[in-house]
Amino acid sequence: MSHTAELEYTPAVAAATLPIYEHVKSVIPEFEWPVHAPYIEAINRLKRERNAVILAHNYMTPEIFHGVADIVGDSLALARKAAETEADVIVLAGVHFMAETAKLMSPEKTVLMPDMAAGCSLAASITGADVRLLREKYPGVPVVTYVNTSAEVKAESDICMTSGNAVKIVESLGVDRVICLPDQYLSRYIASQTDVEVIYWEGSCEVHERFTGQELRDYREQFSDIVIVAHPECPEDVLKEADFVGSTAKMINYVGEAQPKRVLLVTECSMSDNVAVEYPNIDFVRPCNLCPHMKRITLPKILAALTELSPAVEIDPEIAERARVSVERMLTIG
Ligand code: 13P
Ligand code: SF4
């Protein structure tokens with residue numbers, strides 16, 4: 001299937017994508033639109049032909065997030081929506097562990113990952129063998145695993161969590177001690193919110209660990225009215241400076257409800273663009289830490305994946321069966 005003709009910025013493409021451009025023009029310069037628009041038009045058309053749905057994480061760039069995504073959200077929302085969708089094909093505009101989770105939730109569907117190399121420093125920090133060793137060291141202590149892990153690690157775990165439900169999941173187990181994997185900072189944050197003792201792994205997110213408390217204090221000095229909203233993958237000294245801590249979806253909800261005059265979202269940079277589109281009245285201060293894995297996902301790669309129905313995520317059935325139990329347990333709790 002050739003898309004050569006469709007990739008020109010014709011008057012028809014300009015007209016078809018005008019409402020989308022009107023929505024995003026505060027964050028996408030006009031000279032960039034002729035590059036994105038033909039892909040947006042082609043993807044949205046092909047999506048219908050394929051009965052496909054595009055699930056996009058909050059860290060996707062605005063032309064993906066606002067241009068082609070059907071469902072957007074944090075890791076928890078994407079896992080839930082992957083389980084509910086009636087489409088034949090899911091395109092996961094996010095990173096590999098998110099596509100694996102979607103495949104676990106919808107094993108009969110084709111789950112496309114536009115770039116298989118879109119990984120995650122947290123997922124890369126731990127293996128199934130590491131989890132088995134931890135279980136030997138702490139017999140009987142439940143293993144609560146962040147969704148930012150491989151299916152193999154989920155398969156060795158008792159239950160999954162996301163940054164949106166971590167404390168609730170830990171407390172639901174009714175035990176005094178848990179092992180939380182693999183994000184040391186999320187684990188420390190959980191420990192600060194509960195009486196349950198948390199044993200943690202030394203993994204970290206390469207994006208959130210770059211923020212510092214000093215940086216935030218400097219912003220407060222510069223802008224006395226700034227509201228700081230942080231993700232729990234950030235180090236403790238960063239979270240100490242925050243007015244609110246939560247998953248990406250909770251951060252967005254907080255901004256929508258509080259309507260601060262000026263806000264700093266201490267997380268991956270594209271999210272500020274995506275939220276700023278909805279709230280032109282709010283001034284977003286943007287220290288720009290980008291996730292190199294998320295940024296591998298582009299409109300041309302999404303179009304290629306939909307065209308070729310490849311690359312598709314496959315998981316060893318024995319691992320998938322056990323990993324699915326951990327994700328499903330999480331989804332029944334919340
Ligand atoms: P959430 O969107 O679930 O908060 O996760 C953030 C993140 O870093 C995903 O990779
Ligand atoms: Fe992983 Fe951090 Fe990138 Fe999320 S932002 S995918 S946690 S490296």
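Order of listing sets the numbers, starting from 1, for every ligand and every atom in it.
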Q. What do you reckon, does C205 put a non-hydrogen atom under 4.0 Å from ligand 1?
A. no
**Q.** Side chain proximity check, V285 to F223, heavy atoms < 4.5 angstrom
**A.** yes
Q. Against heavy atoms of M98, which atoms of ligand 1 measure under 4.0 Å?
A. 9 (C), 10 (O)
Q: With heavy atoms only and a cut-off of under 4.0 Å, state how T162 meets ligand 1: side chain, backbone, both or neither.
A: neither
Q | Side chain R220, main chain I226, donor-acceptor under 3.5 Å | A | yes
Q.
Within the 4.5 Å heavy-atom criterion, are M330 and N165 side-chain neighbours or not?
A. yes
Q) Among protein heavy atoms, which sits nearest to atom 10 (O) of ligand 1, and what does the distance come to when rounded to 0.1 Å? A) N148 ND2, 3.4 Å
Q) Hey, is M251 one of the residues with a heavy atom under 4.0 angstrom from ligand 1? A) no
(Q) Could you check whether any side-chain heavy atom of T149 comes within less than 4.5 Å of a side-chain heavy atom of L122, counting everything from C-beta outward? (A) no
Q | Short side-chain to backbone donor-acceptor contact, R322 and A155, under 3.5 Å | A | yes
Q. Taking the six-membered ring for Trp, are F244 and Y254 parallel (under 30°), tilted (30 to 60°) or perpendicular (over 60°)?
A. parallel
Q.
Quick test of your reading of the structure: of M294, H231, K250, E233, whose heavy atom lies closest to atom 8 (O) of ligand 1?
A. E233
(Q) Heavy-atom pairs closer than 4.0 Å: do any link ligand 1 to the side chain of E268, the backbone, both, or neither? (A) neither
Q. Protein N/O/S atoms under 2.8 Å of atom 2 (Fe) of ligand 2?
A. C205 SG
Q: Go through the steps for W201 and I179 under the test side-chain contact (heavy atoms from CB on, under 4.5 Å), then give the verdict.
A: CA-CA 8 Å; W201 188 251; I179 299 170; over 6 Å; no
Q: Considering the heavy atoms of Y59, write down every atom of ligand 2 situated less than 4.0 Å from one of them.
A: 5 (S)
Q. Should N58 be listed as contacting ligand 1, given a heavy-atom distance under 4.0 Å as the test?
A. no
Q.
Check for me whether H57 has a heavy atom closer than 4.0 Å to any atom of ligand 1.
A. yes
Q: Please determine, by modelled atom types, if K47 and N44 share a side-chain donor-acceptor pair under 3.5 angstrom.
A: yes
Q) Closest non-hydrogen protein atom to atom 3 (O) of ligand 1, residue and atom name please, with distance? A) S75 OG, 2.7 Å
Q. Distance only, no hydrogens: is a donor on one side chain within 3.5 Å (strictly under) of an acceptor on the other, for T61 and E63?
A. yes
Q) According to the disulfide bond (SG atoms under 2.5 Å apart) rule, which pairs have a member within residues 190-289, sequence neighbours left out? A) C269-C288
Q.
Does either side chain, that of S163 or that of S247, offer a donor lying less than 3.5 Å from an acceptor on the other one?
A. no
Q. Does the side chain of H36 come within less than 4.5 Å of T17's, by heavy atoms?
A. no
(Q) Below a 4.0 angstrom heavy-atom separation, can you tell me which part of T267, side chain or backbone, both or neither, approaches ligand 1? (A) neither
(Q) Taking 4.0 Å as the limit for heavy-atom contacts, which would you say applies to S247 with ligand 1: side chain only, backbone only, both, or neither? (A) both
